[in-house]
2 protein chains.
Amino acid sequence: MRSKITLKELAKLLNVSVSTVSKSLNGSPEISKNTVKRVKELAELHNYSPNLTAVNLKRKSTGNIAVIVPNISNTFFAKVLGGIENEARKNGYQLITYISNESLTVEKQIMDLISNGLADGVLMSVSAETQTTKNYDHIYRFTEYEIPVVLFDRINVDVKLDKVGVDDMQSIYNAVRYLKSKGLNRIGLVCSIGDLGLAQARIDGYKAAMNDQNTTFQKEFLIVSNDPEVLRKQLGLVLDTYEMEAFVSLDYLSTLLTSRVVQEKKLNIPEDIKIIGYVNEDFAPFLWPSISYIDQHPLSIGESATQLLIERIKKMQPKEFDTQILNTKIVHLDSTLI
Amino acid sequence: MRSKITLKELAKLLNVSVSTVSKSLNGSPEISKNTVKRVKELAELHNYSPNLTAVNLKRKSTGNIAVIVPNISNTFFAKVLGGIENEARKNGYQLITYISNESLTVEKQIMDLISNGLADGVLMSVSAETQTTKNYDHIYRFTEYEIPVVLFDRINVDVKLDKVGVDDMQSIYNAVRYLKSKGLNRIGLVCSIGDLGLAQARIDGYKAAMNDQNTTFQKEFLIVSNDPEVLRKQLGLVLDTYEMEAFVSLDYLSTLLTSRVVQEKKLNIPEDIKIIGYVNEDFAPFLWPSISYIDQHPLSIGESATQLLIERIKKMQPKEFDTQILNTKIVHLDSTLI
DNA sequence: CTGAAAGCGCTTACAG
DNA sequence: CTGAAAGCGCTTACAG
């Protein structure tokens, strides 16, 4: 496609060898100041830049990091991607991105592609299907090829690899404890992502906190379904049956839905019902009422995962896998005011 | 990084030449059925796949499409990216993604990088700063290198290139006309992205529709600011001063904010105030009230832009630039019921 | 039908 | 200080 000037052409114009040009441009101390100057000037003039494909072939590396994201329906993964991009670009890596659409099949196809030598390392968040079927062979294959893989966010999977994410159990445990500290006891849990390992961890956190002091966990308060309609109905039922005081919602959809159904029932937030959920932090303040949420610092997740991956790329460590857990924080808005 | 088997190694194992192996694997008719079979079997056995860096160097192409997105704070660009990915992968291209963060400087850096022969083509949505400063040289440079560029979504820019997007003026014109057809006349416009060309087009659509029949455009109804706080105040003021009947909001933030401020004022949606805006289509139905929105079919935008780009890559057309305009559609939810 | 050779655009020991 | 040569892993005219 491109007709940019090559080393060879520069060499011809300067009447020197290709090696000399290459060394001059790469700051080798072998070459005389004078030649270096001549070469650099001409290179500048012609706007020379090395063909990265050739460089990479020579170096036996690609300069690419592959990123596999399960979906893009909310901004969480987009934000993580932002963090990954920051860190990758700072280190001179390009990002090759893929979306698995929560499908194991697609994930396998992507991994096949990548293993054709497309990337020096892989950052991935496993798809829902991969987690439910516990099919991890395609991931392990990379370590055979000596391509490091770092998992991010969805790290509650039984795979021995480097991982970067948050403590999902603790996050929800803290949220429930906060609500209880306000004297609330009838706290429901709403979840539309039950097939993810991290949802299970969050539910465990909920149960632990509910079983803590003056309350015991009641399974009637657990509203889990992938179908928004089912969720909506159950939520209505629970609100009609019990005098609920608060909800913890585990994902974007269920958070908005909780707020909606509560209001449909003419209940006031936060006076009658308090909510802590997961929502897009950029827009959370503009909802009515605005909903308190658990900030997972997606940017940091992306950055840390990328740092770890680049370390692995640079020196394929002895196999001691690292798990980095970042803190979460409850951001209080309207729905937990008072 | 990878220790995968190469053509040369396969050739040695089979006692044939590298050329023979290459031709066998690439389905050349020159080679005997028998050899092809032997080669393919061994290749399969060793899980051979060609080193794409080498193939690309030879082919003088990269197999990559670079995508530059201005931001990722809402899901719009994420969805477009999804469409791009579908189409790119179908055609065997990899996506290299970049986020310009609405900065001209970053955009230039990215373009420099890409021009190092990283991609066969570029899909981009120009940053806000690029639009306000009207600085397009770095974009034109690609055409000099014969790397095709297709702009998407933000196509209201004075650049002669292929473009794929929607008719922003018409979209808002239609929205306002719809509201007027319901007998509403005091219709406000709210916008937090005034520095984008497409916002201007949308505002033009609003003015045209307001000047249409029994109403004339009033600049008091125009609420435009990049600062949410200013927007919030002005919105409150307008609601206090005029008996508003509806709002058209031009972006995610202003849409949510409009709904919020209206409700803070104890006004009912849609009884007192109707709203048409732009929101994440996946979550729109779960808001309370759910907000009617203009569906821009982001997936289609991504797919069409990618198709066009791939055409350009395959046969660098005589320079007649194409502008593809996709339809938008109003999706009616709570906020325009009745 | 098979293979030797050249070449894609680079880098880097090695020789002079 | 400079350059010739080999090589990264492929593909493809060309010769036999």
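First the proteins, then the strands, lettered A, B, ... as listed; each starts at 1. Source: prediction; values computed, not measured. Worth knowing before you read on, the calculation uses all heavy atoms, side chains too, and leaves out hydrogens, waters and symmetry mates.
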| note | Judged by nearest nucleotide, the residue sitting upstream toward the 5' end of DNA chain D, Glu30(B) or Thr53(B), is Thr53(B)
| Counting just side-chain N and O atoms, does Lys23(A) come under 4.0 Å of either OP1 or OP2 of dT2(D)? | no
| Would you say dT11(C) has OP1 or OP2 under 4.0 Å from some side-chain N or O of Asn26(A)? | yes
| task | State which residue, out of Glu107(B), Lys108(B), Gln109(B), fulfils the side-chain hydrogen bond (donor to acceptor under 3.5 Å, both in side chains) condition with His138(B). | result | Glu107(B)
| Considering only side-chain heavy atoms of Val55(B), which listed nucleotide, dC8(D), dC10(C), dC10(D), is closest? | dC10(D)
| query | Which base sits across from dA13(D) as a Watson-Crick or G-U pair, both distances under 3.5 Å? | reply | none
| G-U wobble or Watson-Crick pairing nucleotide for dA4(D) (cut-off 3.5 Å, both distances) | none
| request: Looking only at side-chain atoms of Ile31(A), point me to the closest of dC8(C), dT2(D), dC10(C). | output: dT2(D)
| said: Taking donor-acceptor contacts at under 3.5 Å, does the side chain of Lys58(A) reach the base of dG9(C)? | reply: no
| Those residues of residues 38-48 of chain B lying under 4.0 Å from DNA chain D by at least one heavy atom | Tyr48(B)
| query | Can you find a side chain N or O atom of Ser22(B) that sits less than 4.0 Å from OP1 or OP2 on dC10(D)? | reply | no
When the side chains of residues 68-77 of chain B are checked against the rest of the protein, which donor-acceptor pairs come out under 3.5 Å, sequence neighbours left out?
unit_1	atom_1	unit_2	atom_2	d
Asn71(B)	OD1	Ser73(B)	N	3.2
Asn71(B)	ND2	Glu102(B)	OE2	2.8
Asn74(B)	OD1	Phe76(B)	N	2.7
Thr75(B)	OG1	Tyr252(B)	OH	3.4
Thr75(B)	OG1	Asn280(B)	ND2	3.1

